[in-house]
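Here's the structure we're looking at; comments come further down.
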Amino acid sequence: MANLLAQFQSIKSSCDRLVIAVEDVNDLWPNLKKEFEERFPFKSVFLNNKTRNPVPVDELPADFILTTDARLRSRFPQEQLLFWFREPYATIVLVTCEDLDEFKTILKPRLKLIVQNEEREWFIVFVSKAPAHNDQATKMAKKVYAKLEVDFSSKKRERCCKLDMHGPDSNFWEDLEAKIMECIRNTLDRRIQFYEEEIRKLSEQRFMPVWNFCNFFILKESLAFMFEIAHLHEDALREYDELELCYSETVNMAGRLRDFGGMERGDDQATLLDPGKKALTQIVQDDSFREFEFRQYLFACQAKLLFKLSRPFEVAARGYSFIISFSKALALHESTLPFCMREVWVITACLALIDATASHYKDGLAAPDMEKEFYRVQGELFTLCRTKFLRLAYLIGYGSSIERSPVNSASLSMLPWPKPTVWPSLPPDASTEVLAKEKMILQESPRPKHFGIQRKPLPLEPSVLLREANRRRATLSAGNLFELLDGRPNAIDGSVQMSPLPKVNAMSMSRTYSSPGNFDGSIDRPMRLAEIYVSSEHALQNTISDVNLWKSLSSVKEFEQKYLDLSKGAANNYHSSWWKRHGVVLDGEIAAVYLKHEKYDLAAKLYEKVCALYAGEGWENLLSEVLPNLAECQKILSDQAGYLSSCVRLLSLDKGLFLTKERQAFQSEVVRLAHSEMERPVPLDVSSLITFSGNPGPPLELCDGDPGILSVTVWSGFPDDITLESLSLTLTATNNTDEGSKQIKSSDATMLKPGRNTIILSLPPQKPGLYVLGVLTGQIGQLRFRSHSFSKGGPADTDDFMSYEKPTRPILKVSKPRSLVDLAAAVSSALLINEPQWVGIIVRPINYSLRGAVLHIDTGPGLRIEKHGIEIQKLATVSPNAANSDTPQSSEKDGSPVADEVKQLTLIDGRIELVEWASNITSVLWIPVRAISDELPKGTPAGAVVSQRQSVVDGLRTIALKLEFGVSHNQIFEKTIAVHFTDPFHVSTCVSDKCNDGTMLLQVILQSQVKASLTVYDAWLDLQDGFVHAGKGDGRPTSNFFPLIVSPKSKAGILFSICLGNTLVKDEIKELRPDSILNIRYGISGCRTLGAHSPVAEEPIAADDDSQRLTFRSALVLQQPVLNPCLAVGFLPLPSSGLRVGQLMTMKWRVERLKDLEENMASQNHDKVLYEVIANYENWMIAGRKRGYVALSTKQGSRVEITILCLPLVAGYVRPPQLGLPEVDEANISCNPPGPHLICFVQMV
Amino acid sequence: MIVCVAVVGHQNNPLYIQSFTEADDALKLHHIVHCSLDVVDERVNNPKKSGPTLNETFLGLLYPTENYKVYGYLTNTKVKFIMVTTDLDVRDADVRNFFRRFHAAYVDAVSNPFHVPGKKITSRTFAERVSTIVKSFGLNAAG
């Protein structure tokens, strides 16, 4: 069998293309060979695969071999069958013939002989040598060819084709190719069938003792090889896959102990990509192959095919799992294999696979997700390689150069030590090396971490190497070991997850045993660590045949270079794959090497990536491992901003991750930098460290324009107190985004304690709206920090990296402008004019405190404030009783207790400060004022329509009020209050009776105009000229009637008896009065809360005191009787019809002197009268003199007519123009008609 | 033996991570759990690959390494459960069962009204329950 195998191998290596046999009957081939071979390779052909499905083949190379060639002749039939794949797939019979007879007699029998072998696929190429111009020859050739076709072609199959050597026949080549392909297809089908059948037969015997894997393998590989040369790579691959499956079954079959292999020199280098590395004949073992080599061989064949199929990514993926599974197989046989064979093999296999796949891989070869997968596998291969490489490095004492990072710890501490049967012993002449290693162990010191952080290093070893190595030395007893391990019982309980010995311990132990002259490698005593390193190194040197790999392990420097290469390779590939985290984490490992070699800028860049990854997802434990390294780099690089930021991030990590001492170190770094070293202010985000929130509860409510005080809780994550030079907060309006945010500042330096702090900020007036806290900014030295994160009344949740998104609670509510206070007059009814009266002003705060409010009072003209104190009292709740009560006493009784609390205030420069208690309740301010009016009130004739309006307007006074209030008197409320003053009475008169003796009874009607009861004590009338009192003479009514009480709004009447007469003597002419004066002494009793009341007295006076009585004077105009007037004005009647709008009309008055003008009354114009036409110009258009003098004789009876042209403007009843005589007293004029009258105008037609 | 279990939030933030090793090497397990999120991400982002298991919570073996195995489980709310075991011979059914119980414990823990969703789980009861589940997993596997 081995013989056959060797033959098979040689055949395989010599044959790599399909063979097409050429039967050159007429020596044509030398001429045609070139042209034929130009057809190769066949393009875009179809072949059938094992399942008879056509498979496109892009290129199919083949060889033409003459049947007379030695390669085809020297074969034995038995071989032919087994190695059928190398036999020709088609036979081309080249013939030519120019004569029909020749054909029949010579050629045909010969051809028949050639084609009788049914096994062959053949066809005949008839070559016509006839020149194109020779018709004869051409015709003959045609005839011969026709004959040939008849004889050899059948209906089923065309087996002839014709080549005109001198004629144009382009179809020939296509025909030829088709025919060749047909033959190849048929042959292939048949051979596949044959192999299939053979394989099936052999497979059936698989569980029989006669089963021989080698035979099976030859058959199977023959088939695979046939597919391969037919470029049916897919099918070839399938065959190898099946072969692998079958082999693994065979290997795993129990009961047969086989040699694993891998013991030869050079076996440590993986051959998984090189099928021809070792001849198969060398690895035959009984009826099968050695696993170590054969599995690699199979994989190599598969890989070769996959590369041919342009699927390097599949090679990588399959390769990775192959390495893993093969590594397991190596582990099973580890005891027999050389020391660390497994690790070395994996390293070389990974590197080989990486190189091969990467060189075959071109970007864009595969779909994007496939590509990512490819890079991931590459990364995995690098990582695997890296891990094994680290393990080897550790074994020979480079452990201290390996970063004790989580990555390395994860991959190494769970990776078991190599398990040789016996740990390699120390070579005899290694004393100097041991010394060197000892020295190295002594010199190594863990690199101190920045900030003095001390952490227990993560383990890189699954268990203590010292123990493991010594345990594997056969002669050591457990007792020795016990002593060795310093009597720690748990060290030998065999647990894999045992805590590693601290490095220091191991070192001290090795020193204990360090005695010169004891380096003889005795196995009687335990090995020391240095010895283990040396022995491992020697053993590895024997194992490793790869020069480059050994070089990488030869020194720490080389090791680090290789380590860096592998880490970079892994990281870069991971970066191109889905596995970003793996990549970034490995970047951290690269950074650690850079840091060690003081390439700080490179290290910082990589560390930043790692930190960003961990911080982004909140893996603080891992972050706390790398962040100090980043900080160290930044510090050395003088990247102050970065360094500060790192310190702050360190501070904001979970408190449990660092000791207080370490956290204090972070803070002191921040403070030191902030205060000393920085030249320019550096901005820094401390959101994770300093957080803030408004106080719990409802937001602070302020009225528009008010300043306020905002209390904010700030949480400091610093471990110690920290002083902030300044602190400010922005407020953001929630309703108004375009406004931006406003900053409020804490004026002075703030000391933040660790944990919760309450900061008070003064708040300037804000616009109305709802405000939330925005950003906290502040300054520590040159450090400008800002924080965006809010805390919900507790410390910042450091694990919550989404804290920015927290909904924020409004902290401040500034309400829209509204009335905050109202000022109103307390009393709407009139007060007494010319008397000091209390004016009540109701000050009503509307949900707003009036603390410290100042009221400015400015009285208008005709009003002045009395000197008395101003009083303030709470506004009595208005109950029905109080409203009805008339007397002040009752109102005082009914009033609430506060009503008693009347406080005196002083008016200074027109301003009063309101009292404290009045700040939140409605109060009344009583101001003593006096309205001044010089005019004497006039009485009116009874019954006359007198408009009250004039008197109301006369009595109106205003008080301008301005209230300044609010926290800083920022709020101002201004209002002008109208106060109505009036006389106590309105007086009207009428002559109630006229006696024959000229005595008249003058009725004076007094109408009370105030809401207070008036008491009339006395009344007298000073009559005007022309009237005298009848009877007694002083004109007082009977005093018995007094006091007369007049209720509010009621009337009272007094009768005076007067008569006409001139009592005046000549001397008194000067004192002539035109009016009569009514004098009334009265008293008033009223409540100031209702209206008029007794005048404000400077000192309290008894109610019945005489001095409290007031005097009211009113002028009365008494009209002299009709005969007495000197002048009469008569309105001359108008025409009874035809009064139309728009029609000119003449209006006439007649003025007649009724008696002689008396001398004493005379003035210059005795004979003239001034007249005036008074008309409503809306109704009338007047033409002519409206005012002027007319001559009128002083004689009695003289008369004159005044005529005016008028044009009425409106229809209906209108008052006609009136004629007045301004220079004559009303009392001396008698009018006809006496009162106002109306004229009717019709609408103009 | 289960050496580490972890609950990872939907933003890949650790919610709960507990190692069950005696040695002081939790950090390396943090690393393993963190890196295994790559695999979870890959499966979630590549529905083509995960194929029929798309709707399944159990993600199966995430991480075949030589020395330990990482299993994953993904809830509907994209919370991940990760388990690291040094047992190289684990039955899938056992792991599924383990995750189901773990999930139940988690649901109970986060149903606590005082638990803030998305925050680390600090419940001691949860820790005890998880530790019980972890211990019983060891027993099942042994038996």
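Naming convention: chains lettered A, B, ... in sequence-line order (proteins, then strands); numbering from 1 in each chain.
- The distance from atom OG of Ser413(A) to atom CG of Asn67(B), rounded to the nearest 0.5 Å, is 9.0 Å.
- Atom-to-atom distance recorded for Glu620(A):CD and Lys120(B):NZ is 5.5 Å, nearest 0.5 angstrom.
- A pairwise comparison of heavy atoms in Cys35(B) and His582(A) identifies O-CE1, 3.1 Å as the closest pair.
- Across every non-hydrogen atom of Leu458(A) and Asp25(B), the tightest pair is CD2-CA, 3.7 Å.
- Contact record, Leu622(A) with His31(B): CD2-N, 3.9 Å, taken as the closest heavy-atom pair.
- Of the residues considered (Leu415(A), Thr387(A), Asn408(A), Leu384(A)), Leu415(A) shows the highest number of contacts with chain B, using heavy-atom pairs under 4.5 Å.
- Annotation: maximal heavy-atom pairing with chain A below 4.5 Å, among Ile32(B), Leu37(B), Leu29(B), Val84(B), occurs at Leu37(B).
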Show your working on side chain to side chain contact (heavy atoms under 4.5 Å, CB included) between Glu625(A) and His30(B) and close with a plain yes or no. CA-CA 11 Å; Glu625(A) 187 73 12; His30(B) 279 247; over 6 Å; no
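- Taking Lys388(A), Lys372(A), Lys328(A), Glu380(A) one by one and counting their heavy-atom pairs under 4.5 Å with chain B, the maximum is reached by Lys388(A).
- Contact between Ala410(A) and Tyr68(B) at its shortest, heavy atoms only, is O-CE2, 3.7 Å.
- Across all their heavy atoms, Trp579(A) and Val39(B) have their closest contact at CZ2-CG2, 3.5 Å.
- With sequence neighbours left out, the ring pair (Phe, Tyr, Trp, His ring centres under 6.0 Å) criterion links Tyr106(B) to Phe81(B).
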Start with the C-alpha gap between Val407(A) and Lys28(B), add the side-chain angles, then the distance that decides, and say whether side chain to side chain contact (heavy atoms under 4.5 Å, CB included) holds. CA-CA 6 Å; Val407(A) 196; Lys28(B) 76 175 185 202; over 6 Å; no
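- Note that CD of Glu617(A) and CG of Asn12(B) are 4.5 Å apart. Values are rounded to the nearest 0.5 Å.
- Here the CH2-CG distance, from Trp578(A) to Asp41(B), works out to 9.0 Å after rounding to the nearest 0.5 Å.
- Heavy atoms of Ser321(A) lying under 4.5 Å from chain B are absent altogether.
- Only the side chain of Tyr614(A) has a heavy atom closer than 4.5 Å to any heavy atom of chain B.
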